[in-house]
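Contents: one structure, followed by commentary.
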Amino acid sequence: MITINKLEKSFNKNHVLKGVDLEVRGSGIFAILGPNGSGKTTIIKTILGMVIPDGGSIELDGKNIKGNWSYRNSIGYLPQIAHFPENLTVKEVIKMVKDIRGKRGDEQPLVERFGLQPFMSSRLRNLSGGTRQKVNIVLCFMFDSKYIILDEPTAGLDPVAMITLKELIHEEKKNGKTILLTTHIMELVEELADEIVFLLEGKIFFRGTLQDMQEMTGEAKLERSIARILLRNNHESKEVITVKA
Ligand code: ADP
């Protein structure tokens, strides 16, 4: 369970998170959506301890994460942009991440699944964007982590890899994992998400299922639902809508 309480974060004068409250319980796929710059990545990074909040608290399984780094062992993370030394081969980067994390990890089934065998001895700098992303996916999923955090996971993927990733995410959910996902691909949210958390102006504006969102906005397509929320929000009050707590 992830419990976020009154989370605050500013970057200089930019007040990005204005008291975010969020509880994520049990297994499932939770899509964190919101316009560009609404703070999706900032929330993810505070959960990972990569951004230190100015106020509020984050608990993982009932334990405050502040000053207690061991909780990270239970998280697999796919960053929006991963930076590894460019001269390392795929094999070497996998070994490096295992060494850093001090965990065994089982990359082989994932390497096969994403067709990475021919690239194991290639240097990262020689890989296409999509192939790099497949390597990042392997690094994220190979430790069988209880929590999986995916920041724009489909970037650069071809349709076959996209389907493979969707199947993998579904399987991980069935295995009891809690998956947080940000993406610009609304079809991915429609296909995968059990719940949607919509950030707007530093707060959670909506929390509920796809169906809740469709009912609230009267729009069948998620893309249109979101457009409607954003348009309406320009004209009306900014109260938080929580369809499902
Ligand atoms: P999103 O993921 O929703 O697009 P982000 O969380 O990346 O949004 O960013 C939210 C806001 O915080 C943006 O205005 C961004 O420019 C700003 N921001 C994020 N990280 C930093 C940082 N390290 N330094 C300064 N500003 C930042």
Side-chain angles (χ1 to χ4, degrees), residues 2-24 29-60 65-66 69 72 75-84 129 132-133 136-137 139-140 147-157 165 169 178-190 192-208 210 213 217 222-234 238-242:
I2 304 172
T3 314
I4 297 178
N5 263 314
K6 299 189 174 58
L7 201 66
E8 293 276 341
K9 181 67 192 178
S10 296
F11 294 105
N12 299 318
K13 285 185 183 156
N14 186 1
H15 197 176
V16 178
L17 304 180
K18 300 176 183 169
V20 170
D21 292 312
L22 177 65
E23 192 172 275
V24 174
I29 303 168
F30 302 83
I32 301 177
L33 306 182
N36 293 335
S38 57
K40 302 179 292 289
T41 299
T42 303
I43 288 193
I44 283 176
K45 287 190 174 172
T46 55
I47 296 172
L48 292 157
M50 293 164 70
V51 164
I52 306 300
D54 303 323
S57 66
I58 300 174
E59 291 178 2
L60 220 79
I65 65 168
K66 207 172 173 180
W69 300 115
R72 287 176 169 181
I75 301 178
Y77 172 47
L78 178 66
Q80 207 170 74
I81 301 167
H83 294 288
F84 294 110
R132 274 168 187 253
Q133 186 67 352
N136 296 333
I137 291 169
L139 296 172
C140 171
Y147 295 99
I148 293 169
I149 299 182
L150 307 170
D151 198 350
E152 295 288 349
T154 57
L157 292 184
L165 176 66
I169 293 173
T178 302
I179 298 151
L180 301 188
L181 165 77
T182 77
T183 178
H184 283 97
I185 318 276
M186 290 306 110
E187 282 163 23
L188 194 71
V189 178
E190 286 170 332
L192 290 177
D194 296 305
E195 278 198 56
I196 294 167
V197 173
F198 193 83
L199 275 179
L200 195 62
E201 298 179 359
K203 292 206 164 175
I204 291 179
F205 180 77
F206 168 89
R207 161 97 189 251
L210 185 62
M213 197 173 229
T217 58
L222 180 59
E223 202 169 57
R224 286 185 170 273
S225 291
I226 288 174
R228 194 165 279 271
I229 289 175
L230 293 177
L231 285 172
R232 194 161 62 190
N233 193 59
N234 280 337
K238 308 218 169 19
E239 82 190 73
V240 178
I241 300 169
T242 305

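When a ligand or atom number is given, it counts from 1 through the structure's own listing order.
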Practice problem: Please report the closest heavy-atom contact between K18 and E201, naming both atoms and the distance. | Solution: CD-O, 3.6 Å
Quiz item: Under 3.5 Å, is there a donor-acceptor pair between the side chain of K40 and the main chain of L199?
Solution: no
Quiz item: Which atoms from ligand 1 have a heavy atom of P35 less than 4.0 Å away?
Solution: 3 (O)
Quiz item: Is a side-chain donor or acceptor of N5 paired with a backbone partner of G56 at a separation under 3.5 angstrom?
Solution: no
Practice problem: Tell me, please, whether F11 has K9 positioned over its six-membered ring: NZ or CZ under 6.0 Å from the ring centre and within 45 degrees of its axis? | Solution: yes
Quiz item: Closest non-hydrogen protein atom to atom 7 (O) of ligand 1, residue and atom name please, with distance?
Solution: T41 CB, 3.6 Å
Quiz item: Among N14, T46, T42, which one has a heavy atom closest to atom 16 (O) of ligand 1?
Solution: N14
Quiz prompt | Polar proximity ligand 1 side, F11 side, N/O cut 3.5 Å exclusive | solution = no
Exercise. Check each heavy atom of N36 against ligand 1 and say whether those closer than 4.0 Å belong to the side chain, the backbone, both or neither.
Key: backbone
Quiz item: Are more than 12 heavy atoms from other residues, nucleotides or ligands located less than 6.0 Å from atom CD of E187?
Solution: no
Quiz prompt | atom 10 (C) of ligand 1: the protein heavy-atom neighbour that sits closest, reported with distance to 0.1 Å | solution = G37 O, 3.3 Å
Exercise. Using modelled atom types only, decide if a donor and an acceptor are shared between the side chain of H184 and the backbone of M186 within a distance under 3.5 Å.
Key: no
Practice problem: Could you tell me whether ligand 1 has any atom less than 4.0 Å away from a heavy atom of S38? | Solution: yes
Quiz item: Within the structure, does V16 bring an N/O atom to less than 3.5 angstrom of an N/O atom in ligand 1?
Solution: no
